[in-house]
Structures are given as structure tokens and as C-alpha cells.
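Heavy-atom basis, side chains included; hydrogens, waters and symmetry copies ignored. Sequential numbering from 1 along the given sequence is applied to the chain's residues.
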Amino acid sequence: MFLTRLVYTSKISDVFESSDIENILVTARRENERNNITGMLCFNRKYFLQCLEGSREDVNQTYHRILNDPRHINVIILDYKEVVCREFEGWSMGYVPESSLTAPTNLKYSGTKVFDPYDMSGESTYQMMLALRQSIPVA
């Protein structure tokens with residue numbers, strides 16, 4: 001079994017409601033636990049940035065389910081590769097909302113303090129998520 005990491009971004013759609021983020025997290029944690037998927041979700045009420053780790057088959061199946069979710073649009077894969085180990089092994093889905101604490105990390109890995117994963121490389125988004133994992137209390 002090959003371990004795979006997939007990082008994607010998307011924009012919220014018109015059908016997204018503020019209560020949806022909690023529903024997304026509950027469902028993701030349950031399904032990811034069952035499918036041995038780990039990862040992190042970053043969100044700022046405009047964009048999603050998510051990293052999924054697991055077997056190639058499980059990551060691909062999870063991503064295909066995500067693609068069909070009407071609560072987001074313009075889904076773009078930023079990074080997809082085989083990896084030797086998981087970085088988020090303790091999290092079925094870690095969650096980092098945008099806050100004043102995340103702004104310096106955004107600036108370190110992108111051109112501004114504003115979180116916009118469409119303006120970042122796949123490697124930058126991944127490195128930013130690793131930095132957030134280390135420095136931000138995760139909900």
C-alpha cells in the first residue's frame with residue numbers, strides 16, 4: 001500500500017451556510033477514521049484548504065466524495081504525491097480557522113497575511129499547514 005498526500009483548495013459556494021463547517025468536520029472525522037485518512041482543514045469563510053493522507057485508494061475515494069459536495073466550487077489540486085509517512089497521523093481531521101494568530105504564518109508562506117491558497121504553490125500550502133500544526137491550537 002502506497003501512502004499518498006493530496007492537498008487541494010476550493011471556494012465556498014452560494015449554498016454554504018455558517019453552520020456547515022461543523023457538519024463538515026463531524027462527517028470528515030467519522031469517515032476519515034473509518035477509512036484510515038488523516039489530515040488538516042484550514043478555512044476562512046471564503047476558502048477551504050485541505051490535506052488528506054492515507055492509502056492511494058482511500059485518498060482518491062475520499063477526494064471524489066469531496067468533489068461532489070455542493071458547498072464548495074473551483075476545486076483545484078495543489079499537490080498530490082506518494083509519501084513515506086504521515087504528518088497528521090494523530091488527526092482524523094485537524095481544523096484551523098483563520099485568526100489573528102494565523103496571519104504571520106500566512107505571510108511567511110505567501111505574498112500577504114491574507115489567506116488565499118489560490119495564490120500559493122502546493123509546497124507552500126503544505127509547509128504552511130505543517131507550521132500551523134506546530135504553532136496554533138487546533139480545534
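Under the 4.5 Å side-chain heavy-atom criterion for ILVMFWY residues, a single connected hydrophobic cluster contains both I76 and M129. Hydrophobic clustering, with ILVMFWY side chains joined whenever heavy atoms are under 4.5 angstrom apart, keeps V15 apart from F48.
Looking at heavy atoms from C-beta onward, Y63 lies in side-chain contact with V75 at the 4.5 angstrom threshold. Taking 4.5 Å as the limit, every side-chain heavy atom of N60 sits out of range of all side-chain heavy atoms of E57. Under the 4.5 Å side-chain criterion, counting only non-hydrogen atoms from C-beta, S92 is not in contact with E31. Using a 4.5 Å heavy-atom threshold, the side chains of Y47 and I12 count as separate. The side-chain heavy atoms of T102 and L132, taken from C-beta on, include a pair separated by under 4.5 Å. In this structure the side chain of R29 never reaches within 4.5 angstrom of the side chain of W91, judged on heavy atoms.
From T9, atom OG1 reaches atom CE of M120 across 9.5 Å, with rounding to the nearest 0.5 Å. Interatomic distance, Y95 OH to M40 CE, rounded to the nearest 0.5 Å: 11.5 Å. Considering NE2 of H72 and CD1 of I24, their distance stands at 8.0 Å, rounded to 0.5 Å. Here the CD1-CD distance, from I37 to Q61, works out to 8.5 Å after rounding to the nearest 0.5 Å. Rounding to the nearest 0.5 angstrom, the gap separating the CG atom in L78 from the CD atom in E123 is 11.5 Å. In this structure, CD in Q50 is found 5.0 Å from CG in L41, a value given to the nearest 0.5 Å.
The backbone N or O of N106 lies less than 3.5 Å from a partner atom in the side chain of S110, making a donor-acceptor pair. With D58 contributing its side chain and G54 its backbone, the two residues share no donor-acceptor pair below 3.5 Å. Between the E53 side chain and the F88 main chain, a donor and an acceptor come within less than 3.5 Å of each other. A side-chain donor-acceptor contact under 3.5 Å links D20 to the backbone of E17.
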ring-ring contact (aromatic ring centres under 6.0 Å, His included) evaluation trace for F43 with F16: CA-CA 13 Å; F43 176 67; F16 182 86; 5.5 Å; yes
Output, in order, the C-alpha distance, side-chain angles, deciding distance and verdict of side-chain contact (heavy atoms from CB on, under 4.5 Å) for L25 and M93. CA-CA 7 Å; L25 289 168; M93 187 49 56; 4.1 Å; yes
With side-chain contact (heavy atoms from CB on, under 4.5 Å) as the test, would you mind laying out the steps for V96 and C42 before giving the verdict? CA-CA 5 Å; V96 178; C42 299; 4.3 Å; yes
Chi angles and distances behind the side-chain contact (heavy atoms from CB on, under 4.5 Å) call for F115, M128: CA-CA 11 Å; F115 175 68; M128 182 184 76; 3.6 Å; yes
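Qualifying side-chain contact (heavy atoms from CB on, under 4.5 Å) partners for K46, counting only residues two or more places apart in sequence or in other chains: N44. With sequence neighbours excluded, no residue satisfies side-chain contact (heavy atoms from CB on, under 4.5 Å) with K108.
For the pair L3 and C85, the tightest heavy-atom approach, listed with the atom from each and the gap, is CD1-CA, 3.8 Å. L6 and I77 make their closest contact through CD1-CD1, 4.3 Å (heavy atoms, listed as atom of the first residue, atom of the second, distance). Nearest heavy atoms, R86 versus E89: O-OE1, 3.0 Å.
Screening D79, I66, L49, T125 for a side-chain contact (heavy atoms from CB on, under 4.5 Å) involving Y8 leaves a single residue, I66. Among T62, N68, D69, the one residue that satisfies the side-chain hydrogen bond (donor to acceptor under 3.5 Å, both in side chains) test with R65 is T62.
Both tests do not hold together for R5 against Y80: distance to the six-membered ring centre under 6.0 Å, angle to the ring axis within 45°. Geometrically, K11 engages Y118 in a cation-pi contact defined by less than 6.0 Å to the ring centre and at most 45° from the axis.
Between the side chains of S13 and R71, no donor N or O sits under 3.5 Å from an acceptor N or O.
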